[in-house]
Participant: 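This is the structure I want to talk about, given as structure tokens.
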Number of protein chains: 2
Amino acid sequence: MPKTTFFNLPPAKREAIEKEAIREFAQNPFEHASLSRIVGRCGIAKGSMYQYFEDKLDLYLYIVELAYAEKRRYVRRAFEIEGDIFEVLRAYYRQSLLFSQEHPDLHKVTRNFWESRAQHLHDTIGEVRGERASDFESFLRKAMTSGIVNSGLNPEAVFFAYHAVGKQLIDQFGETVDDKFLCQVLDVLKYGLMVRKGDARCEDD
Amino acid sequence: MPKTTFFNLPPAKREAIEKEAIREFAQNPFEHASLSRIVGRCGIAKGSMYQYFEDKLDLYLYIVELAYAEKRRYVRRAFEIEGDIFEVLRAYYRQSLLFSQEHPDLHKVTRNFWESRAQHLHDTIGEVRGERASDFESFLRKAMTSGIVNSGLNPEAVFFAYHAVGKQLIDQFGETVDDKFLCQVLDVLKYGLMVRKGDARCEDD
DNA sequence: TGCCGATGTGACTGGGTAGTCACATTAGGG
DNA sequence: CCCTAATGTGACTACCCAGTCACATCGGCA
């Protein structure tokens, strides 16, 4: 957590520090990000940074939390819509896409955080993933009992598949993924690959 | 490419270098891996390394190629089996799992390589992914025309989903993924989540 | 044995990093 | 206006790294 000094700063200065830190952690994973570069770009002294934050990790976790707080503002809306689980999930990833478009640097911060293999971060990541998994799985079980989702599936496996695809979609936002492609990929999870009884099928091409 | 000096080395020494380099690149992504640590652990001089390899990247690419060469020996078998696309895909990921169990360090090398965001590696990764994509997509189109796979799907989207799930499965090999779970996850992609016409469904639980 | 090219060496260069600390500056209350 | 506490500073320490190079050693051939 930042020291109180940081929050006493004139907002313009505080925001300048946040902005440059976001830029740095968007461009580099934690290990490779450089405090010296951040202070250099802000035009403040190295020592000042240590008036505001305990250390590099403290700053990093603050920035990561900033990024996730903003992201939550987007994805939250997905759970307010009316509709079945598929519509909610589509809305969720659409909101993620929108977030990545409107806040590309914050998006890169979350992406770098998620990829991080450092031990001190690994535990935090594990917790976040665990929470999401149990939320998702209870949501899924409801959809199973109400007969929308095939109840023969293992909810853990379903979460795994959605999480994997969602992670990759989010990784590629802004590169190869747009709204249409997003929906097509989600449809693969929804319908599966195998032909369905009663599916219309081209007989001759 | 290593210099000829490297291949003239007595096999025991050459293998010792490979072994320590594999360990280092399994534990650290390229940027963070340390030549000094490798030579320290091999008990050879820093300068000697530069008799064998052009630079750190040269050594790295050699090790990555070693890892993929071994991995190819495993996954190749998947394409020799008889069966539809789903059986081939299941065999493919099973072979990947086997590889990760029998060569955990080589597996970690490939994983770190794949995650790498460095520019000079990014292009190589892009090529590899592109090749896999086109192989997969032509394989998929065949399965579509022969009526095994729903031809209404976008092959690119299907590849995307499989690739994402496969990547995540491989990431988690040895942590939470075993053979049973692997099959359950692949079934999500095969059948999809939505209930199918004619699916048996529990009426009261 | 003597020679020479191939191979081995580790101190060194130049560069980067996080974090520290003695000192300088500022701001606000008395 | 002055004093004190809070805040700002940047040179500095201690560490890490890739890559170099003048020199040492080895191995095979004459």
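The chains referred to below are lettered A, B, ... by the order of the sequence lines, with proteins before strands, and numbering in each begins at 1. Scope of the values below: all heavy atoms of this structure, side chains included, with no hydrogens, waters or symmetry mates.
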Participant: Given B/F136, which of B/F79, B/F160, B/F159 fulfils the ring pair (Phe, Tyr, Trp, His ring centres under 6.0 Å) condition?
Facilitator: B/F159

Participant: What is the distance, to the nearest angstrom, from the CZ atom on A/R37 to the C1' atom on C/dG16?
Facilitator: 10 Å

Participant: On DNA chain C, does the nearest nucleotide to A/L35 precede the nearest nucleotide to A/S48 from the 5' side, or the other way round? Give the residue.
Facilitator: A/L35

Participant: Between residues 5-34 of chain B and DNA chain D, which residues have a heavy-atom gap below 4.0 Å?
Facilitator: B/A33, B/S34

Participant: Heavy atom of residues 55-67 of chain A under 4.0 Å from DNA chain C: which residues?
Facilitator: A/D55, A/K56

Participant: Main chain of B/N112, side chain of B/S116: is a donor-acceptor contact present, judged purely on distance under 3.5 Å?
Facilitator: no

Participant: Looking at B/K108 and B/E115, is there a salt bridge between them, counting it only when a charged N and a carboxylate O are closer than 4.0 Å?
Facilitator: no

Participant: Is it true that atom NE2 of A/H32 has more than 12 heavy atoms of other residues, nucleotides or ligands lying nearer than 6.0 Å?
Facilitator: no

Participant: Tell me whether the count of non-hydrogen atoms from other residues, nucleotides or ligands lying under 6.0 Å of NZ in A/K3 goes above 12.
Facilitator: yes

Participant: Evaluate the side chain to side chain donor-acceptor pair (under 3.5 Å) criterion for residues A/H103 and A/E70: first the C-alpha distance (whole Å), next the side-chain angles of each, then the deciding distance (0.1 Å), finally the verdict.
Facilitator: CA-CA 9 Å; A/H103 303 283; A/E70 186 60 25; 3.3 Å; yes

Participant: May I have the distance from A/Q51 (atom CD) to C/dC23 (atom P), rounded to whole angstrom?
Facilitator: 17 Å

Participant: Run the numbers on B/Y191 and B/F86 for side chain to side chain contact (heavy atoms under 4.5 Å, CB included), then give the verdict.
Facilitator: CA-CA 11 Å; B/Y191 300 115; B/F86 299 111; over 6 Å; no

Participant: Salt bridge or not between A/D179 and A/R94? Use side-chain N to carboxylate O under 4.0 Å.
Facilitator: yes

Participant: Whether A/R23 and A/E20 form a salt bridge (side-chain N of Lys/Arg under 4.0 Å from carboxylate O of Asp/Glu) is what I want to check.
Facilitator: yes

Participant: Is A/R77 positioned over the aromatic face of A/Y74, cation under 6.0 angstrom from the ring centre and no more than 45 degrees off axis?
Facilitator: yes

Participant: Under 4.0 angstrom, heavy atoms only, what part of the nucleic acid is B/F53 near: base, sugar-phosphate, or nothing?
Facilitator: nothing

Participant: Walk along DNA chain D from 5' to 3' and tell me the first and last nucleotide with an atom closer than 4.0 Å to a non-hydrogen atom of chain A.
Facilitator: D/dT7 to D/dG10

